[in-house]
2 protein chains.
Amino acid sequence: MAGDLGMMPGMTAVLVIEDDDRIRLALLLALEDEGYDAVGAATAEEGLRVQRRNPADYVLVDLMLPGLDGFECIRHLRRDDDVPVVVVSARDDTHDIVAALEAGADDYVVKPVAIKELTARLRALRRRARAGVAGSAPEPVPVLAFGELEISPDGGEVRRAGQPVPVTRTEFRLLCELAEHAGRVLSRQQLLQRVWGYDSGDERLVDVHVGRLRQKIESDPATPRHLVTLRGLGYKLQR
Amino acid sequence: MAGDLGMMPGMTAVLVIEDDDRIRLALLLALEDEGYDAVGAATAEEGLRVQRRNPADYVLVDLMLPGLDGFECIRHLRRDDDVPVVVVSARDDTHDIVAALEAGADDYVVKPVAIKELTARLRALRRRARAGVAGSAPEPVPVLAFGELEISPDGGEVRRAGQPVPVTRTEFRLLCELAEHAGRVLSRQQLLQRVWGYDSGDERLVDVHVGRLRQKIESDPATPRHLVTLRGLGYKLQR
DNA sequence: AGATCTATGACAGTTGCGTGACAAATCCGC
DNA sequence: GCGGATTTGTCACGCAACTGTCATAGATCT
């Protein structure tokens, strides 16, 4: 599993204990996009073992797990460790919520949950927990990666092969918009609307900025590898 | 107003800021049934006044309030106080949730909420908050380092290459705000809000103070290495 | 070949930012 | 209280960077 060995220094590590492979994978990928070092476990037992050997900064845990269930899992986590625990469950009964929090969980969210909400809750939790813990890791800055191209929407910077690329505000917004919908075509109209806020206008404007952006982020701007044109449709950013 | 004077000693006090009389009353009664000392306020302004004069242990706040809204209310609470804040709102957009947590809320629940869940969340929050307070006194002050630049938020001092740098209070707060979100761009608006508490105002003010700060902390203020400008976006502090 | 669609270079108008000057407000020792 | 020193916020100016438009050349489809 990604990042299992080689936990990056300076990154915040999150352990996801969830038996459904699809959901676990989706969570792991989303967390990594947000700049976390995410590790998965399919059962409570495995999760506890991983956490003991290689403690994460946060644990996300499902309630319905084969074998040891979520509640037991939380109690075990609480026994060894003071790691913040967030329950991510499909059930939204008050009874479950209360039981999980009583068992020692710090928060409880109901699936499906937006990744942005989840990370906002992790940050809120960190703010609370940090008062106590001395050298807690700094908040990770999310980075979207496209091959050697790295875009950090929050950091306001773009790097190519690790080197910072100076882009203007408009270019940056355009790039972020494309990056957030990576792999999908966005029409000039859509881009005008989302980047410029124009409801109508000259679509050539988009071309010009795409062109300037290519000069900066593509190694060979004439034959773009990431920021590609789809004739008659628009542009897309791809890996 | 219930329990306004005569806050019971030994009881946990909760302040409920909610403009709907029916909901506020219901919450107050339910909380009192659960053994809390509950106090109500119908507006953010009133709530802030009450909290300043007679601080509760927790604050519950609605988002949609007349006058000063919930988000602003949270920021004001956070500025003078470290009281745990739980948002109780009818809205369940991810966007609102994230914004409220970013503003400084500790938790967010959607109305209607079971009183049992609410109190369970308050208890979970208390457990977390207390963990912090336990080691409060002997806790070594965390020092944030940016290359040769060192900032100790609690100690109120800044050093460059070991040498103390005299910064004014405003400069210090600005620097801390940037340091706490190291690597992220903060817009002038955000800085005005977080450092000065202004909800609106002349953004050039930020420029001026950033400029003065740079004169002190950068070895070559004309080409800053740490406190950098992102044209059109804002400022950020980086390593 | 003709008709579209797209890339790109040049240019002028605009915007954003850094800076120094200055007055009001605040702090501080006495 | 009081007077000087420090800090704070406002303003205006000028430079550098950015933006949007246009014209032209190139590419791609039918």
Side-chain angles (χ1 to χ4, degrees), chain A residues 156-158 164-178 185-237, chain B residues 156-158 164-175 177-178 185-236:
Chain A
E157 70 174 354
V158 178
V165 177
V167 294
T168 70
R169 177 184 44 175
T170 310
E171 287 159 7
F172 184 69
R173 293 213 181 118
L174 176 57
L175 187 53
C176 285
E177 194 58 43
L178 288 161
V185 199
L186 295 179
S187 70
R188 294 167 217 284
Q189 276 301 329
Q190 287 176 309
L191 290 169
L192 269 181
Q193 167 68 43
R194 298 186 195 177
V195 177
W196 281 267
Y198 296 172
D199 291 331
S200 68
D202 187 357
E203 301 192 340
R204 300 292 115 229
L205 178 57
V206 180
D207 299 23
V208 173
H209 283 274
V210 166
R212 297 207 251 248
L213 199 42
R214 284 212 265 244
Q215 296 298 325
K216 298 180 179 179
I217 64 172
E218 294 281 358
S219 48
D220 178 9
T223 58
R225 295 174 47 78
H226 299 299
L227 180 38
V228 298
T229 303
L230 296 170
R231 192 184 166 85
L233 299 176
Y235 298 99
K236 79 170 173 180
L237 192 65
Chain B
E157 64 177 354
V158 179
V165 176
V167 292
T168 69
R169 194 180 36 209
T170 310
E171 286 159 8
F172 186 70
R173 280 213 292 245
L174 176 58
L175 187 54
E177 194 58 43
L178 288 161
V185 199
L186 296 179
S187 69
R188 290 166 172 66
Q189 274 301 330
Q190 287 176 308
L191 290 169
L192 268 182
Q193 198 148 64
R194 298 184 192 179
V195 177
W196 282 268
Y198 296 173
D199 297 331
S200 68
D202 187 357
E203 302 191 340
R204 311 308 307 284
L205 177 57
V206 181
D207 299 21
V208 173
H209 283 273
V210 166
R212 288 173 181 157
L213 200 42
R214 283 212 263 244
Q215 295 298 324
K216 299 180 179 179
I217 64 173
E218 293 282 356
S219 49
D220 178 9
T223 58
R225 294 172 45 77
H226 299 299
L227 181 38
V228 298
T229 303
L230 293 155
R231 199 184 166 85
L233 298 177
Y235 296 101
K236 83 171 170 178

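Since we're looking at a predicted model, the values are computed, not measured. Order of the sequence lines fixes the chain letters, A, B, ..., with proteins taken first and strands second; residue numbering starts at 1 for each chain.
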Scan B:Phe172 against the nucleic acid and name what it touches under 4.0 Å (heavy atoms): base, sugar-phosphate only, or nothing. nothing
Please encode protein proximity along nucleotides 21-30 of chain D as a string of B, S and -, counting only heavy-atom distances under 4.0 Å. BB-----B--
Examine distances only and state if a side-chain atom of A:Gln190 and a backbone atom of A:Ser187 form a donor-acceptor pair shorter than 3.5 Å. yes
In degrees, rounded to 10°, what is the bend between the two ends of the helix from C:dA1-D:dT30 to C:dC30-D:dG1, using five pairs at each? 50°
Would you please confirm or rule out a distance under 4.0 Å between OP1 or OP2 of C:dC5 and any side-chain N or O of A:Tyr235? no
In whole Å, I'd like the distance from the NE2 atom of A:His209 to the C1' atom of C:dT6. 16 Å
Within the 4.0 Å heavy-atom criterion, would you say B:Gly232 contacts the bases, only the backbone, or no part of the nucleic acid? sugar-phosphate
Which donor-acceptor pairs under 3.5 Å do the side chains of residues 196-205 of chain B make with protein atoms, sequence neighbours left out?
unit_1: B:Asp202; atom_1: OD1; unit_2: B:Arg204; atom_2: N; d: 3.0
unit_1: B:Glu203; atom_1: OE2; unit_2: B:Gln189; atom_2: NE2; d: 3.1
unit_1: B:Arg204; atom_1: NE; unit_2: B:Asp207; atom_2: OD2; d: 3.2

Using the test salt bridge (Lys or Arg N to Asp or Glu O under 4.0 Å), find all partners of B:Arg194 that sit at least two apart in sequence or belong to another chain. B:Glu177
Once side-chain hydrogen bond (donor to acceptor under 3.5 Å, both in side chains) is applied, do any residues pair with A:Thr229, and if so which ones, sequence neighbours excluded? A:Arg214
Of the nucleotides C:dG18, C:dA7, D:dT8, which has the atom closest to the B:Thr229 side chain? C:dG18
Could you check which residues of residues 185-200 of chain B get a heavy atom under 4.0 Å from DNA chain C? Sort them by number, please. B:Arg188
Among the candidates C:dA7, C:dC27, D:dT19, find the nucleotide nearest to the side-chain atoms of A:Thr170. D:dT19
